[in-house]
There are 4 protein chains.
Amino acid sequence: MAVLEAADDLLAERGFAGVTIEAIAARAQVAKQTIYRWWTSKTDILFEALAQDAAGYFTAPAGDDLGGDLRRHLRELAAFLSETDPGAVCRALAGQAQHDPEVAARFRSDFVTPQRERDRAPFVSAVSRGELPEGTDVDLAAEQLVGPVYYRVLVTGEPVPPEFTDALVDRYLAR
Amino acid sequence: MAVLEAADDLLAERGFAGVTIEAIAARAQVAKQTIYRWWTSKTDILFEALAQDAAGYFTAPAGDDLGGDLRRHLRELAAFLSETDPGAVCRALAGQAQHDPEVAARFRSDFVTPQRERDRAPFVSAVSRGELPEGTDVDLAAEQLVGPVYYRVLVTGEPVPPEFTDALVDRYLAR
Amino acid sequence: MAVLEAADDLLAERGFAGVTIEAIAARAQVAKQTIYRWWTSKTDILFEALAQDAAGYFTAPAGDDLGGDLRRHLRELAAFLSETDPGAVCRALAGQAQHDPEVAARFRSDFVTPQRERDRAPFVSAVSRGELPEGTDVDLAAEQLVGPVYYRVLVTGEPVPPEFTDALVDRYLAR
Amino acid sequence: MAVLEAADDLLAERGFAGVTIEAIAARAQVAKQTIYRWWTSKTDILFEALAQDAAGYFTAPAGDDLGGDLRRHLRELAAFLSETDPGAVCRALAGQAQHDPEVAARFRSDFVTPQRERDRAPFVSAVSRGELPEGTDVDLAAEQLVGPVYYRVLVTGEPVPPEFTDALVDRYLAR
DNA sequence: AAGTAATCGAGACGGTACGTCAAGTCTTCCT
DNA sequence: AGGAAGACTTGACGTACCGTCTCGATTACTT
């Protein structure tokens, strides 16, 4: 859809402030009314753009080695959030979620919840094959690993290189 | 300053979208021009409000026990970010930082950098008194602990109870 | 158009200083943006209001008697300028023309030039039917007669009664 | 006074819209408060500037020949109004007088009335020495001659060359 | 000569209006 | 019927001046 592309491009070229309904309409050669017919707001458009582009960025855990799965997953997560176009959309939506509870709700249901499932997958897999004990707090483990990545992306703005994510995994496994 | 209070109140009452220069001016009984004379934007006002209100929310580490220092610090951080008024300002600015590089730069210099110093303090203290070895990667350690807190606050929106922060500390110390 | 009426009314009620775009918009129950879409300035609005209202204030010369034509025309001119609503608009624009060359240019093309044609008409008619000789300087004659009327209206502010205009005509014809 | 000069210069350089109290203060290196201490408005300043500069522009009638007196006076009037700096101030005030009754009143008392006395002088002189009969309507005569000059200056914007003013005098004397 | 008042520059203040931008709603006209 | 076009009301933007108001710092006049 031209509208989604236009929104994406505007975000990349002019930042979030440049993503206006009018600019999207002008760039997509579409009437504003058409946009309002199909989407309720510009964040709605960005959510759809994110859904369309984010699919398939993450690979399923191989499921034979927790360390390997975690290292690969965290690297992918870091790269997705800090280097890809949908990652930029995702950051913009995370930002907007701080301002608007409705955006926050949708951000959680559309992005955070499924992403968290992917974050848990390596641990779930490890438990199921006995590499981790039955009672492991998988949620806590996932948050421990993933939290510092989001912290760098959203708070400090520092790069998130593989050395950093690998170090996180190493620390976790050394427990 | 009435302007800072007005901005704070508007943020609390109407959310970030309700924080407009006109609304601030009206509520603070001040002319718009006066606001523009002293601040460059509404985020500028919020930064100043944050600076004014955030002072003194954190206590210095006692410096005799790493576990205790960390537990207390993480609890304070979680409470500050998720339950206080300046915490709300902070979250709003973190959100805006995702949309605007200048806000991001100022957010880092005004909030993140000094806050990170406070986050590191327990570890630095522990190293200096020998509770942790000389070569300890203090930055990594701090990020590991505060990362999941910010993750809950900014991404998942889940509450951040003492049990959660304590568990993070326990996991760290169990290494 | 409600906008033109509003502008007219404001000029009559509050004077030229009361004719602001905001006041026009408020009184016409119209958004400022709508005004800016169709007019470039408040004088632009007044010009259009003048064009709309001024039409038909002057009767064509009967064309059988120079004295009668002149007397009637000067009385009409005096009444128009000093007693009618569009006359007030006209005076305001003449005033603004002293401050702004663009307004001056438009005032001349929109009002002065066609009005001068009407001023010349009695003389042209008199020449064509032989009441005045061929070589008569019609422009000079017209300026001689209307000049004192504008002088009273714009400079001295004295009333311009029929006795005055008739005396001007008598003097002219007595040549 | 630097303020009067500044107002004059601004009128010449930027037009009436450029004559603001702030601009005058800035250019005259004077505080706004100082201006408000001595003048009530920008037109007040212009009136004083006019009074200061206009003095001595007109020569008294020689008083021996009506035709010569009138020709010289009308030429001076035309030149004053259309070519001099105080003439520009005068035109600006005449314009503002169309918008503001207080300015109009002052314009009449400060400029029009004394000027009209000068306009009448040649006729008064001619009557007193018997060149014109006792009952001559001196006011009407003055308005007849002076009116077309103001008409050109304020309404049509045409130049007012000596040929034009001389022709007016010739027509008058030919009666 | 010192003390005191008037005057000055500088510029902050509460306001009004400016002209612009984008929001979201609506109507019209074309395919 | 759906979409492009675009007019509409609304409301916030950031700016320019308005006229009022403190501030020190000169001045210049008293005593």
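Since this is a predicted model, take the numbers as computed values, not measurements. Sequence lines set the chain letters: A, B, ... in the order given, protein chains first and strands last, and positions in each chain run from 1.
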> What ring-ring contact (aromatic ring centres under 6.0 Å, His included) pairs are there with at least one residue in residues 28-51 of chain C, not counting sequence neighbours?
Replying inline: none
> Between CD of E48(C) and CG of D110(C), what distance do you get to the nearest 0.5 Å?
Replying inline: 10.0 Å
>> Strictly below 4.0 Å: does W38(C) bring a side-chain N or O up to OP1 or OP2 of dA7(F)?
In response: no
>> Can you list, in residue-number order, the parts of residues 22-36 of chain B that come under 4.0 Å of DNA chain E, counting heavy atoms only?
In response: Q29(B), V30(B), A31(B), Q33(B), T34(B)
> Any donor-acceptor pair under 3.5 Å linking the side chain of H99(C) with the backbone of A92(D)?
Replying inline: yes
> What pairs of residues pass the side-chain hydrogen bond (donor to acceptor under 3.5 Å, both in side chains) test when at least one of them lies in residues 3-19 of chain A, not counting sequence neighbours?
Replying inline: D9(A)-R27(A), E13(A)-R27(A)
> Just to confirm, is there a sub-4.0 Å distance from OP1 or OP2 of dC8(E) to any side-chain nitrogen or oxygen of R37(D)?
Replying inline: yes
> For the pair made of CD1 in I21(C) and P in dT20(E), what is the distance, rounded to whole Å?
Replying inline: 10 Å
>> Under a 3.5 Å distance rule, please check whether Q98(A) uses its side chain to pair with a backbone N or O of L154(B) as donor and acceptor.
In response: yes
